[in-house]
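Written out below as structure tokens is the structure these notes cover.
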Amino acid sequence: MTIVFVHGVPETPSLWNAVRALVPEPSTALRLPGFGSARPDGMHGKEEYAAWLADELRAIGGPVDLVGHDWGAHLAMRAVSAHDVPVRSWVSDVAHGWHPGYTWHDAATLWQKSPEGEESLAALREAVPGSGATFGEVLRSRGMSAELAQEVDAAHDEVMSAAILALYRSAWPNFHADWGREFEGPVRARGLVLVPTGDPMARPDQDRDVARQLGAEYEELDGLTHYWMLQDPERGAAVLRRFWDSLPG
């Protein structure tokens with residue numbers, strides 16, 4: 001059994017370090033192409049990123065317990081619902097993005113526009129560290145740690161900006177518009193939808209609806225933020241452990 005963690009935007013695999021340290025099973029944290037690494041030609045948007053994740057999971061081999069956060073969660077949901085992957089279970093913390101009534105947050109709608117998106121990300125890249133205006137520093141208000149914020153800012157270059165724009169511009173108006181409409185019943189692998197209620201962008205009602213549609217379990221992380229795995233890794237690891245322990249095999 002291998003546990004595979006997937007980060008989101010604009011993060012790096014270090015997002016999962018604290019939780020992984022509390023999980024004794026073999027695990028790996030994948031790095032999305034373009035996020036502190038090269039972005040291959042042809043990675044035009046969410047479909048190519050989901051296919052990349054499916055290939056990574058097949059290369060690792062099964063059975064896999066998959067855990068995704070933010071964009072990593074969206075890609076995980078697509079991989080288990082549309083690709084033949086050796087996944088025993090999956091966990092997502094932003095399932096509401098797949099709800100037909102979901103509307104993107106203000107930053108996403110800005111990045112989906114041109115040239116506004118390019119200008120916004122350029123300003124984040126060029127901001128002076130310590131000004132509170134770098135990408136990592138802006139995300140401190142949502143629970144990102146100072147350590148990860150510094151790593152994000154060091155990794156945020158034009159390649160990462162281009163990857164972010166490609167992802168968000170491929171997901172308009174929301175994930176339900178294409179990926180969500182393709183569901184034909186519950187996902188084969190067991191799933192868990194996590195909802196950190198301390199995140200001002202949380203949408204518990206929409207998360208619950210999507211979990212029901214996918215045949216997944218639902219659990220609220222009361223008081224925790226978007227970066228629940230950094231704010232309280234012990235609690236996060238315990239929630240994951242209970243879910244995995246409930247699975248057959």
Side-chain angles (χ1 to χ4, degrees), residues 3-20 27-57 59-60 64 66-79 83 90-94 97 104-105 107-108 110-112 117-127 129 133-172 175 201 225-230:
I3 302 167
V4 177
F5 294 92
V6 191
H7 68 84
V9 172
E11 303 138 14
T12 70
S14 297
L15 171 81
W16 296 109
N17 285 353
V19 167
R20 290 181 66 199
S27 70
T28 186
L30 301 179
R31 182 183 296 273
L32 297 181
F35 289 77
S37 64
R39 177 169 164 248
D41 293 339
M43 300 291 284
H44 301 301
K46 68 183 195 304
E47 205 67 71
E48 291 78 17
Y49 273 84
W52 164 85
L53 176 57
D55 287 343
E56 291 288 318
L57 296 173
I60 291 169
V64 163
L66 181 60
V67 183
H69 165 69
D70 190 81
W71 261 95
H74 296 310
L75 298 176
M77 291 170 65
R78 179 61 171 177
H83 293 267
W90 58 274
V91 179
S92 167
D93 60 6
V94 288
W104 279 109
H105 51 80
L110 180 64
W111 297 334
Q112 287 165 342
E118 286 83 355
E119 292 169 351
S120 168
L121 291 172
L124 292 170
R125 291 196 310 271
E126 296 164 4
T134 68
F135 217 155
E137 290 168 352
V138 168
L139 289 172
R140 292 296 308 281
S141 65
R142 297 189 71 189
M144 181 177 281
S145 66
E147 182 179 21
L148 183 59
Q150 291 177 355
E151 184 172 331
V152 164
D153 289 336
H156 184 204
D157 56 10
E158 292 186 6
V159 174
M160 183 189 286
S161 289
I164 292 169
L165 295 176
L167 285 168
Y168 278 99
R169 289 174 180 176
S170 68
W172 187 90
F175 292 95
M201 296 184 185
T225 71
H226 188 67
Y227 290 105
W228 52 270
M229 70 295 293
L230 299 174

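Along the sequence shown, residues carry numbers from 1.
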Whether T225 side chain and R142 backbone form a donor-acceptor pair below 3.5 Å
yes
By ring-ring contact (aromatic ring centres under 6.0 Å, His included), W52 pairs with (sequence neighbours left out) none
What residues form a side chain to side chain contact (heavy atoms under 4.5 Å, CB included) with R125, not counting sequence neighbours?
L121, A122, H156, E158, S161
Excluding sequence neighbours, so at least two apart, what forms side chain to side chain contact (heavy atoms under 4.5 Å, CB included) with A154?
none
From [atom1] ([X]) to [atom2] ([Y]), nearest 0.5 Å:
X	Y	atom1	atom2	answer
H74	D93	NE2	CG	8.5 Å
T134	R140	OG1	CZ	10.0 Å
L75	E48	CG	CD	11.0 Å

Residue pair [X] / [Y], side-chain heavy-atom distance below 4.5 Å:
X	Y	result
F175	K46	yes
Y49	P33	yes
P10	L124	no
F135	I164	yes

Could you list the residues that satisfy salt bridge (Lys or Arg N to Asp or Glu O under 4.0 Å) with [X], not counting sequence neighbours?
X	value
E47	R78
D55	R58
E118	R169

Pairwise side-chain hydrogen bond (donor to acceptor under 3.5 Å, both in side chains) hits with a residue in residues 3-16, at least two apart
E11-H69, E11-Y227, T12-E151, S14-E151
Would you be so kind as to tabulate the donor-acceptor pairs closer than 3.5 Å made by side chains of residues 36-44, with sequence neighbours excluded?
residue, atom, partner, partner atom, Å
S37, OG, G34, N, 3.2
R39, NE, M43, O, 3.4
R39, NH2, M43, O, 2.7

Tell me, please, which residues at least two apart from W104 pass side chain to side chain donor-acceptor pair (under 3.5 Å).
none
Output all residues satisfying side chain to side chain donor-acceptor pair (under 3.5 Å) with D70, sequence neighbours left out; order by chain, then residue number.
H226
